[in-house]
Amino acid sequence: MSCFAFDRHRCCRTFRALVLGSSVLLPCAAAADTMTLQAAQAIALQQNPSLGVLNQKIVALQHQSVAVAQLPDPHLSFGAVNLPTNNFSMNTMQMSMLSIGLSQTFPPFGQLSLKGREVRLEVQAAKDTLAGRSAALILLLQRNWLETVAVQKEIVVLHTQQSLAKNTIQTTLAAYRAGRSTEASVIEAKLALDNLQNDELRLRAEYQEDTARLAETLALSSPPQVSVNWPQLPTPPSLAQLIAQITAQPLLRAAAEQSAEAQEGVRVARTAYLPEITLSTAYGQDFAPGSPNWLSVGVNLSLPIFPSDRQDQSVAAAQAQSIAAQDTYDEERLSLERQARAAFAAYLSNQNQYQRTRTRLVPEAQQAYRATLAAFVTGRSNFRAVLRAQDLVLTTEIKAIGLRQNADISQAELHFLANNAQGGRA
């Protein structure tokens with residue numbers, strides 16, 4: 001019996017979704033309709049809704065950065081002053097008048113410019129977050145793409161393996177007719193072929209699930225056709241280069257800008273120790289005969305003389321947020337460096353294992369099968385050894401595909417970590 005089902009458990013599927021109709025040929029046979037990974041990446045960056053949400057957040061913050069740096073609106077006032085309560089007449093008493101006034105409040109010195117700078121830092125952090133999310137979306141797409149290619153490669157391997165199984169059946173049947181084998185051996189050979197055909201059906205369903213998930217990621221109305229060839233991924237930098245430039249990674253830049261924004265928030269909070277100033281002026285019309293009109297001006301100051309329960313608390317809260325933002329940055333940097341080292345080690349390991357498996361183990365397994373089958377024909381080997389050799393060819397070729405897939409995933413992760421794009425979709 002094939003041990004194919006065991007090998008399929010070596011990694012977790014990233015995507016599961018809708019199912020397409022089955023096909024006799026490979027699902028990517030229609031070359032004219034085949035989509036490239038580069039084209040899929042461009043579509044994802046243009047059409048994925050989550051990036052559109054971040055873009056609109058950036059637009060909103062840009063407008064907000066202008067608004068918060070403006071003076072508050074002036075106040076216009078109308079009033080009747082010093083009216084006699086016995087008749088409410090405007091012309092029987094001096095000082096009874098109608099007035100119109102204007103006042104303007106000025107926040108503590110420097111507060112508006114600090115608030116504007118604080119929001120502008122938030123805008124830049126949002127842009128870098130968008131760049132990081134865009135890179136993460138591409139990484140997710142590449143993972144699913146590689147999984148889809150691997151499934152198609154495995155279907156090809158199963159076709160080849162079914163040819164070996166049919167050859168085994170014919171050889172076993174000939175040996176049975178010649179009296180050198182048993183009927184049970186023929187049945188076991190047929191069972192091995194049936195299991196391979198079941199494995200192929202399962203793989204085709206998995207291919208349909210993966211392409212349906214691709215359609216969801218790309219916001220397409222129907223699943224794309226994916227090439228059976230491995231995509232060309234960017235060559236990763238050395239580990240030393242990667243660690244040196246990790247601070248330029250968009251998500252880490254966003255964390256640094258959020259830390260700077262929190263520090264600006266501390267400066268904004270400290271301006272509350274300064275008084276808020278309101279300038280006002282009013283003109284009064286006196287209706288009593290012979291009385292002049294009146295002009296009033298004034299200055300109003302807030303008195304932050306009890307700061308312990310308000311200003312001190314606001315500054316302390318802002319300082320705590322600043323410390324937390326810096327800790328978040330440090331945690332993110334350490335996490336990215338750890339991911340870079342782990343991905344680089346996995347990349348080298350899987351690349352070396354893949355090259356050895358493809359160039360040595362697969363040919364040796366195929367040679368072992370041919371030798372075992374020949375030995376069975378001449379009576380120098382038993383049928384179970386033929387099945388084991390046949391199964392070894394399958395497991396070795398499937399292992400080679402898995403190693404190539406894992407190496408390419410690590411390579412994509414390294415490109416994501418080295419990504420220093422200056423922004424996402426505009």
Side-chain angles (χ1 to χ4, degrees), residues 14 36-38 40-42 44-46 48 50-51 54-55 57-58 61 117 120-146 217 230-264 322-355 403-426:
T14 307
T36 64
L37 177 58
Q38 289 74 16
Q41 291 174 172
L45 292 177
Q46 288 297 321
N48 190 272
S50 64
L51 301 185
L54 286 173
N55 265 298
K57 178 182 178 181
I58 291 170
L61 287 171
R117 173 173 167 76
R120 287 193 296 273
L121 286 169
E122 188 176 359
V123 170
Q124 189 56 50
K127 288 182 177 179
D128 282 328
T129 298
L130 174 60
R133 293 280 181 84
S134 299
L137 175 65
I138 295 302
L139 175 60
L140 192 64
L141 176 65
Q142 290 170 340
R143 283 176 174 272
N144 188 209
W145 195 275
L146 291 167
T217 303
W230 294 109
Q232 294 296 319
L233 299 174
T235 302
S238 68
L239 180 58
Q241 291 173 325
L242 185 58
I243 297 298
Q245 65 189 48
I246 203 75
T247 54
Q249 216 278 341
L251 293 177
L252 193 56
R253 287 205 313 265
E257 282 142 8
Q258 288 165 355
S259 178
E261 177 193 345
Q263 293 171 14
E264 206 68 20
S322 177
I323 294 171
Q326 182 60 44
D327 289 342
T328 299
Y329 170 82
D330 293 338
E331 180 183 23
E332 185 73 16
R333 178 180 57 79
L334 292 172
S335 176
L336 289 175
E337 289 181 0
R338 174 190 57 78
Q339 292 176 51
R341 291 186 173 91
F344 196 82
Y347 169 70
L348 293 179
S349 174
N350 286 306
Q351 275 280 31
N352 292 332
Q353 290 185 70
Y354 168 70
Q355 293 298 331
L403 289 169
R404 173 62 187 267
Q405 177 190 350
N406 291 338
D408 282 0
I409 288 176
S410 298
Q411 188 171 344
E413 290 174 350
L414 289 172
H415 179 64
F416 164 74
L417 294 169
N419 188 328
N420 59 357
Q422 293 300 317
R425 177 174 55 161

Residue that, paired with D128, satisfies side-chain hydrogen bond (donor to acceptor under 3.5 Å, both in side chains) out of R253, Q258, Q249: R253
Between L414 and F344, is there a side-chain heavy-atom distance shorter than 4.5 Å? yes
E332 (side chain) donor-acceptor with A255 (main chain) under 3.5 angstrom: no
Are L146 and P231 packed together at the side-chain level, in the sense that at least one heavy-atom pair is separated by less than 4.5 angstrom? yes
Any non-hydrogen side-chain atom of E337 less than 4.5 Å from a side-chain atom of R341? yes
If I compare all heavy atoms of F416 with all of G132, which pair ends up nearest, and what's the gap? CE1-O, 3.9 Å
Once rounded to the nearest 0.5 Å, what's the spacing between atom CG of L251 and atom CG of L130? 10.5 Å
Walk me through it: do W230 and L37 pass the test side-chain contact (heavy atoms from CB on, under 4.5 Å)? CA-CA 10 Å; W230 294 109; L37 177 58; over 6 Å; no
Quick check against the 3.5 Å criterion: does N48 have a side-chain atom that pairs as donor or acceptor with the backbone of A44? no
For L336 and L252, work out which heavy atoms get closest and say how close. CD1-CB, 3.8 Å
Side-chain heavy atoms of P236 within contact of L242, under 4.5 Å: no
Gap separating the CD atom of E122 from the CD1 atom of I58, nearest 0.5 angstrom: 11.0 Å
Any chance you could measure E264, atom CD, to R120, atom CZ, to the nearest 0.5 Å? 9.0 Å
S410 and A346: which non-hydrogen atoms are nearest, and at how many Å? OG-CB, 3.5 Å
Which value, rounded to the nearest 0.5 Å, describes the distance between I246 atom CD1 and L417 atom CG? 5.0 Å
Heavy-atom neighbours of R333 CZ exceed 12 at 6.0 Å: yes
Taking all heavy atoms of W145 and all of A40, pick out the closest pair and write down the distance. CZ3-CB, 3.7 Å
Check the surroundings of atom CZ in R133: do more than 12 heavy atoms from other residues, nucleotides or ligands lie under 6.0 Å from it? no
Just verifying a value: how many Å separate I409 CD1 and Y347 OH, rounded to the nearest 0.5 Å? 14.0 Å
Indicate whether the side chain of Q142 and that of E413 have a donor and an acceptor atom separated by less than 3.5 Å. no
Above 12 or not: heavy atoms from other molecules or residues under 6.0 Å from CD of E331? no
Going by distance alone, is a donor N or O of one side chain under 3.5 Å from an acceptor N or O of the other, for Q353 and S349? yes
Please tell me if the side chains of L140 and T217 come closer than 4.5 Å, counting only heavy atoms from C-beta onward. no
Heavy atoms from other residues, nucleotides or ligands near CD of Q232 exceed 12 (cutoff 6.0 Å): no
Between the side chains of S322 and Q263, is a donor N or O closer than 3.5 angstrom to an acceptor N or O? no
Straight-line distance of L334 CG to Q339 CD, nearest 0.5 Å: 11.5 Å
Could you tell me which non-hydrogen atom of A340 sits nearest to which non-hydrogen atom of L239, and how far apart they are? O-CD1, 4.0 Å
Tell me the closest heavy-atom pair linking A325 and S259, and the distance in Å. CB-CA, 3.6 Å
